[in-house]
Amino acid sequence: MKHKITLSQVLPWAVMGLALGFRLWLLRFRYAAAFDEINYLKLAAGAAQSGPGAAFHTFWPPLWPWVVSLAGRMVGDFELAGRLLSILLGVALLPLLYGLVRRWVGQTEALIAVVLAGFSPAFTFYQTGVLTEPLYTLLTLSGVMLGWRALKQRRWWLHGLVSLLFGLGYLCRPEGIGYVLVYWGILLLKTIIHTVKNRRFIGQSWIPLAMVPLAFLLTAGPYLIFLHSATGPLDPERQDGQPARRGLRPDPGGRRRGCLPVAFRGQPKHVAGQTLPRGRLRGANREGGYSQGAAVRVLHGQEIYH
């Protein structure tokens, strides 16, 4: 007996296909890279030129620049690669949203949610930018959905995978660490209740509690070490007796790692004593404000010539 394909099965995928086309059409209204897009693009270009460590920065997390760096090498244009990635990740979020709403609310409500997320003008236009939010939302929502499954099943490796997704989310946005803390707290409460209910200590039930922080540290550990080395520990007192944080440590070389001042296309030019690829960002403010040059001058204390 052949399985009949119903309209309710086809319609969500049709909406997702139209949402992809709508986002691609919106690209025609993206005239320039601006604000944080410039910083992410320069970090990506730095990672492509100098290695993954060049994407480490105390303000902008490294995962999105890494992904854009890999895609930029294949496409040949970091800005175009970043925008296409954002669009694809934004569309990939729709099936997860549909499944989540259908499970907890209903199929009709899930279809409405997909339509709103797929065609809301402000939301969809934002997802054509070279920004980390689409990847961050996809990773954390995937972690939430997998976390519900892991809490119901006795498979310790699932908890590690959930923590891995949340760790990758942290490498997109620092608030991603909240997902790990909340999930570990729920898992701890569940384990305590299970232990008290059975009136005996079950060592195997405590393994997931160790897996969650271990997987997170394996994912985000190198970046946490970099942050500690770049910002320093918490000083109990300053010389004037007031509590304060040390902040950025002195940098004798005049440059802190990350946010390399490299451009994207064209002929080489000299930037802060180095010969780097020349090019310009369309629409970038060269005098200051939110331009990459201004950001690097403030953060690294070096001059950039355009």
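For clarity, every value in this text was computed on a predicted model and none was experimentally measured. For the numbers below, each heavy atom of this structure counts, side chains included, while hydrogens, waters and symmetry mates do not.
Using a 4.5 Å cut-off between side-chain heavy atoms of Ile, Leu, Val, Met, Phe, Trp and Tyr, with links allowed through other members, L217 and L161 fall into the same hydrophobic cluster. Residues I186 and V144 share a hydrophobic cluster, clusters being chains of Ile/Leu/Val/Met/Phe/Trp/Tyr side chains in contact below 4.5 Å.
Side chain of S163 to backbone of F216: a donor-acceptor contact under 3.5 angstrom is found. A donor-acceptor pair under 3.5 Å is formed between the side chain of T140 and the backbone N or O of T137.
Inter-residue side-chain proximity for P65 and W60 is flagged as unmet; no heavy-atom pair is nearer than 4.5 Å. For the pair Y126/S120, no side-chain contact is recorded, criterion being any heavy-atom separation below 4.5 Å from C-beta on. A heavy-atom distance below 4.5 Å is found between the side chains of R173 and E133. The side-chain heavy atoms of L188 and L209, taken from C-beta on, include a pair separated by under 4.5 Å.
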Could you go through the side-chain contact (heavy atoms from CB on, under 4.5 Å) check for K42 and F78 one step at a time?
CA-CA 9 Å; K42 290 215 168 185; F78 290 98; over 6 Å; no

Applying side-chain contact (heavy atoms from CB on, under 4.5 Å) to L85 and W64, what does each step give before you reach the verdict?
CA-CA 10 Å; L85 276 174; W64 179 237; 3.8 Å; yes

What verdict does the side-chain contact (heavy atoms from CB on, under 4.5 Å) test give for V162 and V212, after you've listed the backbone C-alpha separation in whole Å, the side-chain angles of each residue and the deciding distance to 0.1 Å?
CA-CA 8 Å; V162 172; V212 171; over 6 Å; no

Where do V91 and L88 land on the side-chain contact (heavy atoms from CB on, under 4.5 Å) test, with the steps shown first?
CA-CA 5 Å; V91 174; L88 294 176; 5.9 Å; no

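Partner L63 forms a side chain to side chain contact (heavy atoms under 4.5 Å, CB included) with one of L139, T219, T132 and no other, that one being L139.
Relative ring orientation between F166 and Y183 is described as perpendicular, the plane-to-plane angle rising above 60° on a 0-90° scale split at 30° and 60°. Below 30°, between 30° and 60°, or above 60°: for W25 and F22 the angle between ring planes is below 30°, a parallel geometry. Using cut-offs of 30° and 60° on the angle between ring planes, the pair Y136 and Y179 is perpendicular. Ring geometry, W66 versus F56: the interplanar angle falls from 30° to 60°, so the pair is classed tilted.
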